[in-house]
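What follows is a short report on a single structure.
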Amino acid sequence: MQKNTGLIFAADLENGRRAINITNEISDLIDAVKVNYPIILSNGLQIVEELSRTKTVIADLKIADVPHINRKICRNVFEAGASAVICHGFTGKNSIEACIETANQMYGDVYVVAEMSHPDAERFIHHASKEIINIASQLGADGLIAPANDPKRLQKVRKQSKNMRILSPGVGVQGGGAKTAIQAGADQIIVGRSIYDHREPRQAAEKIVQDIGYTNP
Ligand code: O7M
């Protein structure tokens, strides 16, 4: 995925038509659209194909199964038109590797969840993040996910991951700020509700892109 504005739209809408309309409306302001279970379960995998006509699609299924199942999940979403998948890191080397091998065969990218943005993340995933980052880096993952609403942890991930790309959710409703997250080491910011729940989604996206510090060339 190319980095341009630094904004990734999380299209967590069950209404696929609305997701497509908003994506079209803000397509010049975003680097990619991220789809998750709500939109895929409500609309089928066809929504990936439809969105991919407008924008690079990241399939955020937080893949977390045994290797042979991970391969099948990845193959299905890449065949539907996704350019990247997101997998969990806590499942360990073989499961992440299965995603990366499949992605390499299908010219796709893999981003690995290293840390999460919700309060309970502290209980489990935070303890494992250093190891997850090391494994993702050794396997040649394209990047990591780390929380925008916890700049200290984000900084830590940045330091440990050296120059890996970091995609960062948690801006807006979850309390994080785009500017702060970029300063803490994020490369691209993932935003959902602050865009799609805004009465003027384009206006909201413009403001975030400004905060990221993107200037039109
Ligand atoms: O901007 P929001 O809060 O409406 O949505 C945040 C999006 O980021 C939503 O699609 C979540 O699935 C995702 N996300 C988190 O909120 N927290 C995380 O720790 C990780 C993700 C994510 O994108 O993981 C890949």
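Read the numbers this way: they start at 1 and go in the same order the structure lists the ligands and their atoms. Here the structure is a predicted model, which is why all the values come from computation and not from measurement.
- Summary of contacts: the protein heavy atom closest to atom 18 (C) of ligand 1 is Ser117 OG, 3.5 Å.
- Checked by atom type and distance alone, the side chain of Thr56 never pairs as donor or acceptor with a backbone atom of Ala32 at under 3.5 Å.
- Placement of Val85 and Tyr37 within a single hydrophobic cluster is found when ILVMFWY residues are connected by side-chain heavy-atom separations under 4.5 Å, directly or transitively.
- A donor-acceptor pair under 3.5 Å links the side-chain atoms of Asp109 to the main chain of Met1, judged by distance alone.
- Close approach of ligand 1 to Lys34 is summarised as follows: ligand atoms under 4.0 Å from at least one heavy atom of the residue are 9 (C), 10 (O), 11 (C), 12 (O), 13 (C), 23 (O).
- In this model, no donor atom of one side chain and acceptor atom of the other lie less than 3.5 Å apart for Asn149 and Ser117.
- Looking at every heavy atom in both residues, Ser161 comes nearest to Ile166 through OG-CD1, 3.8 Å.
- When each atom of ligand 1 is checked for a heavy atom of Arg193 under 4.0 Å away, the hits are 1 (O), 2 (P), 3 (O), 4 (O).
- When each atom of ligand 1 is checked for a heavy atom of Ile190 under 4.0 Å away, the hits are 8 (O), 23 (O).
- If you check which protein heavy atom lies closest to atom 1 (O) of ligand 1, you get Gly192 N, 2.8 Å.
- Close approach to Asn36 involves these atoms of ligand 1, each under 4.0 Å from a residue heavy atom: 10 (O), 12 (O).
- Ligand-side atoms of ligand 1 in range of Val191: 1 (O), range being under 4.0 angstrom from any heavy atom.
- Counting atoms of ligand 1 from 1 in the listed order, those under 4.0 Å from a heavy atom of Ile86 are 25 (C).
- In summary, the atoms of ligand 1 found under 4.0 Å from a heavy atom of Asp60, numbered by their order in the structure, are 12 (O), 22 (C), 23 (O), 24 (O), 25 (C).
- If you number the atoms of ligand 1 from 1 as listed, the ones under 4.0 Å from a heavy atom of Gln174 come out as 3 (O), 6 (C), 15 (C), 16 (O).
- No option in Gln188, Lys55, Gln2 other than Gln188 meets the side-chain hydrogen bond (donor to acceptor under 3.5 Å, both in side chains) test with Asp31.
- Judged by the shortest distance from any of its heavy atoms, Val173 lies outside the 4.0 Å radius around the atoms of ligand 1.
- Of the protein's non-hydrogen atoms, Asp12 OD2, 3.1 Å is the one closest to atom 9 (C) of ligand 1.
- A pairwise comparison of heavy atoms in Asn36 and Asp60 identifies OD1-O, 3.1 Å as the closest pair.
- At distances below 3.5 Å, not a single donor-acceptor pair connects side-chain atoms of Tyr111 with backbone N or O atoms of Asp142.
- Considering backbone and side-chain atoms alike, Lys62 places an N or O below 3.5 Å from some N or O of ligand 1.
- Distances from atom 8 (O) of ligand 1 to the heavy atoms of Ala114, Pro169, Ala148 put Pro169 nearest.
- Tested against Asp187 for a side-chain hydrogen bond (donor to acceptor under 3.5 Å, both in side chains), the candidates Lys3, Arg165, Arg158 yield a single pass: Arg158.
- Not a single heavy atom of His118 sits less than 4.0 Å from an atom of ligand 1.
- Closest approach of Ala148 to Val171, counting heavy atoms only: CB-CG2, 3.6 Å.
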